[in-house]
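Fair warning: this is a prediction, and the values are worked out from it, not measured in the lab. Heavy atoms only: backbone and side chains are in, while hydrogens, waters and symmetry mates are out.
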Amino acid sequence: MARRSRARSDQGKADGSAALAEAPPARPPRWDEVEVGMAIPELRRRVTPRTLVEFAGATGDFFELHYDRDAAAQAGLPDVILHGYLKKAFLAEAVVNWAGSPQRLRSLSASYRGVDMPWRESAPREFVVRGTVSRVWEEGGEKLVEVSLEGCDQTGAVTTPGKAVVALG
Amino acid sequence: MIAPQPSVVTDADRALVGVDTEPGYHLIEAGMVRRFCEAVGLHDPIYLDAAAAHAAGYPERPIPAGFWCAIQVPGSELQRPRLGGFGTRNMNAGTEFDYLKPAYVGQTLACTARVADIRERAGRTGPMVITVLEYTWRDEAGHAVTRARLTGVRL
């Protein structure tokens, strides 16, 4: 078996829990330059079992499926699975990186339709967030943009669709 | 056809729909936010360092958009609606958050929760209960800051 670890330019922490570095946007988008169909920069995250334990500690979600392989096996899963709220945090980050400020975010929804598993040396997986502008309009004195989001597993299958609305200047 | 099964949702459960719990109070503490940021790999200093937040034009460190799940930790004062104990598995099917007003590290927010909806369906393996819980956080002046709707599926 060819075991290829994905050699990305990983500037994250050596423990692998950290993010892969992304270039920040040159400047926030201007509302009048945004068009339906425009893509936002992709966000890629390598989630390790350690990430899941840190997230459990930070949020108090100690559901065993997120860190205990035996519990996952009993539920018929080949490995532990990512927390829904962890995936949602990545969706939020992708949109906020693009919009330039967390305070431009007006709403964010996510559906947890499929499971995602952490990165393993034997199974190098990443969680990827893609987004496309799906609506541009004005309402209540705000210039709004809706971004349709897709949280995907390493095969590109969408496990976590979502929608965000941001107010741009 | 599957024969109709007795409802697993009780009248007491249905009586909770639309009724707010008493508020629980949450101090948005800097260390909680930092732990969350470390876990999700959020390195933007506006969330971590008050001076960086000020330099970027914020009056204080803003709360990351994904942070709200972290202030319902066990032991928090949040009061949850006391729904019946049906099902052995409770899955998070989806979440919707509305960000109504900026919130910052150091604020104490009051959170109320209510059952917004409760429905029962026949699933493949037995009854399935779909609940929508709604949480609202308010600032010290009583203004709604964030509202969340959580859809749970109990099997």
Residue B:Phe67 versus chain A: region with a heavy atom under 4.5 Å:
neither
Max heavy-atom pair count under 4.5 Å with chain A, selected residue of B:Ile46, B:Asp44, B:Thr146, B:Asn92:
B:Asn92
Please determine, among B:Pro62, B:Ala93, B:Pro102, the option with the most heavy-atom pairs under 4.5 Å with chain A.
B:Ala93
Is it true that A:Arg113 and A:Thr159 share a donor-acceptor pair across their side chains at a distance under 3.5 Å?
no
Would you call A:Arg130 and A:Glu150 a salt bridge, taking side-chain N to carboxylate O under 4.0 Å as the test?
yes
If you round to the nearest 0.5 Å, how far is CG of A:Asp70 from CD of A:Glu64?
11.0 Å
Can you tell me how far the CD atom of A:Glu142 sits from the CH2 atom of A:Trp137, to the nearest 0.5 Å?
10.0 Å
Of all heavy-atom pairs linking B:Ala144 and B:Thr136, the shortest is CB-CG2, 4.1 Å
Residue A:Ser101 versus chain B: region with a heavy atom under 4.5 Å:
both
Where on A:Leu105 is there a heavy atom nearer than 4.5 Å to chain B: the side chain, the backbone, both, or neither?
both
Count the heavy-atom pairs under 4.5 Å between each of A:Ser111, A:Pro102, A:Ala164 and chain B, then report the option with the highest count.
A:Pro102
